[in-house]
2 protein chains.
Amino acid sequence: MKYKIKSRIWIEADDNILLGEGRVALLKAIEETGSLSKAAKTLKMSYKKAWSLIDALNSRAQKPVVTTSIGGKGGGGAELTDYGRKLVNAFETINKNCWEFLDQEMKKQLYHDF
Amino acid sequence: MKYKIKSRIWIEADDNILLGEGRVALLKAIEETGSLSKAAKTLKMSYKKAWSLIDALNSRAQKPVVTTSIGGKGGGGAELTDYGRKLVNAFETINKNCWEFLDQEMKKQLYHDF
DNA sequence: TATCGTTATATCTTATCAAATATAGCGACA
DNA sequence: TGTCGCTATATTTGATAAGATATAACGATA
């Protein structure tokens, strides 16, 4: 059997994307670097795109996910809120469980044919 | 809770997409109409795109999924093979199960917060 | 053998999205 | 008070995907 099953999950709020794999990766990079611009750089993403993603995320989430500061020591920065960390953890847990579930489902089907 | 979880699954063969929701919808339309061009029309898709999808599908699948004929009564046509029908059924079963699984997973997380 | 609706394919144009560029403003700190 | 790296935002350019258009070939049927 050479077939592989893949998946992509995301969370929506009011029919708009709130959180998907890309935003989760960005959130994790923000947590590691403490800055939106550095996070964007490590993900080889434009600052603008990173900012847009976080802006949409914050405006649609029920509580702030990322807090930012301008100026001051180091020029400013960005960091996750506790709520943001919870969201990331929940997303990654569900995503991992989904992969395992789908692998099982695929094996079930393999008993039959293909 | 206003958050909703969504998903998209697909099957790959040799790191190329074999079957996803779009192609499954196309296959079902082919089965209903007996023709690639009519199927494309009902899905508001260009014939070219439909043909490309089916061409990729047939060339990557282990067995033919769609058979076509040119000329003759009605000008020709397209129909699913038994193998194609099995693929469609397997995909839709897995997809439906995945949705249910994710809804459950989401509820588990809701016990905690959000 | 002319007609018809289909498959099959190439080419060109358009639209959409991503990327690049530019610029303003901020506040700690030296 | 000048510098620095960062956030925040608009605008322009470029690349890639999608769409439109055109055309050939095919075989049953009348």
Side-chain angles (χ1 to χ4, degrees), chain A residues 8 10 12 15-61 63-81 84, chain B residues 8 10 12 15-61 63-81 84:
Chain A
R8 200 123 233 201
W10 66 96
E12 291 189 359
D15 294 327
N16 292 307
I17 290 183
L18 180 80
L19 199 59
E21 288 186 14
R23 295 183 193 192
V24 164
L26 181 56
L27 289 176
K28 293 172 81 174
I30 288 172
E31 193 166 35
E32 286 168 12
T33 62
S35 137
L36 230 174
S37 64
K38 284 179 188 164
K41 206 163 288 177
T42 65
L43 296 180
K44 293 182 174 60
M45 178 190 295
S46 71
Y47 172 83
K48 183 199 166 168
K49 183 174 181 183
W51 180 85
S52 306
L53 291 174
I54 296 303
D55 185 55
L57 178 53
N58 270 332
S59 66
R60 289 170 191 160
K63 300 181 197 174
V65 174
V66 174
T67 55
T68 60
S69 65
I70 307 180
K73 174 183 143 196
E79 58 178 12
L80 296 206
T81 63
Chain B
R8 201 122 230 202
W10 65 95
E12 290 188 359
D15 295 326
N16 292 307
I17 291 183
L18 180 78
L19 200 60
E21 287 186 16
R23 295 182 193 195
V24 165
L26 182 56
L27 289 177
K28 292 172 81 174
I30 288 172
E31 194 167 34
E32 286 168 13
T33 61
S35 135
L36 230 174
S37 65
K38 285 178 188 162
K41 206 163 287 176
T42 66
L43 296 179
K44 293 183 173 62
M45 175 189 301
S46 71
Y47 172 83
K48 180 195 166 172
K49 183 172 181 185
W51 180 84
S52 306
L53 291 174
I54 296 303
D55 184 54
L57 178 53
N58 270 332
S59 65
R60 287 170 194 159
K63 300 182 198 174
V65 174
V66 174
T67 54
T68 60
S69 64
I70 308 179
K73 175 183 141 195
E79 59 177 10
L80 296 206
T81 62

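Each chain gets a letter, A, B and so on, in the order its sequence line appears, and its residues count up from 1. Below, all heavy atoms of this structure are taken into account, side chains as well, without hydrogens, waters or symmetry copies.
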Discussion item. Students often get this wrong, so: under 4.0 angstrom with heavy atoms, is T68(A) touching a base, only sugar-phosphate, or nothing?
Written reply: sugar-phosphate
Let me know the distance between [atom1] of [X] and [atom2] of [N], rounded to the nearest Å.
{"X": "I70(B)", "N": "dC4(C)", "atom1": "CD1", "atom2": "C1'", "value": "15 Å"}
{"X": "I54(B)", "N": "dT6(C)", "atom1": "CD1", "atom2": "C1'", "value": "15 Å"}
{"X": "L36(B)", "N": "dT9(C)", "atom1": "CG", "atom2": "C1'", "value": "13 Å"}
{"X": "K38(A)", "N": "dT7(D)", "atom1": "NZ", "atom2": "P", "value": "9 Å"}
{"X": "L53(A)", "N": "dA8(D)", "atom1": "CG", "atom2": "C1'", "value": "15 Å"}
{"X": "N58(B)", "N": "dT7(C)", "atom1": "CG", "atom2": "P", "value": "13 Å"}
{"X": "M45(B)", "N": "dA17(D)", "atom1": "CE", "atom2": "P", "value": "17 Å"}
{"X": "I30(A)", "N": "dC6(D)", "atom1": "CD1", "atom2": "P", "value": "13 Å"}

Practice prompt. May I ask you to verify if any side-chain N or O of S37(A) is less than 4.0 angstrom from the OP1 or OP2 atom of dT7(D)?
Written response: yes
Worksheet item: Is W51(B) near enough to dT7(C) that one of its side-chain N or O atoms lies under 4.0 angstrom from OP1 or OP2?
Response: no
Worksheet item: Which listed nucleotide (dA8(C), dT7(D), dG19(D)) is nearest to the side chain of K49(B)?
Response: dG19(D)
Item to complete: Go through dT7(D), dG19(D), dA28(C) for me and flag the one nearest to the K73(A) side chain.
Response: dA28(C)
Which pair of heavy atoms, one from [X] and one from [Y], lies closest together, and at what distance?
{"X": "W10(A)", "Y": "G20(A)", "answer": "CB-CA, 4.0 Å"}
{"X": "L36(B)", "Y": "A50(B)", "answer": "CD2-CB, 3.5 Å"}
{"X": "T68(B)", "Y": "A78(B)", "answer": "CG2-CB, 3.9 Å"}
{"X": "V65(B)", "Y": "G84(B)", "answer": "CG1-CA, 3.7 Å"}

Discussion item. Both D55(A) and G71(A) contact DNA chain D. Taking the nearest nucleotide for each, which residue is further toward the 5' end?
Written reply: G71(A)
Worksheet item: Does one side chain, of S35(B) or S37(B), offer a donor that lies under 3.5 Å from an acceptor on the other?
Response: yes
Discussion item. Ignoring hydrogens and geometry beyond distance, is the side chain of K48(B) in donor-acceptor contact with the base of dT11(C) at under 3.5 Å?
Written reply: yes
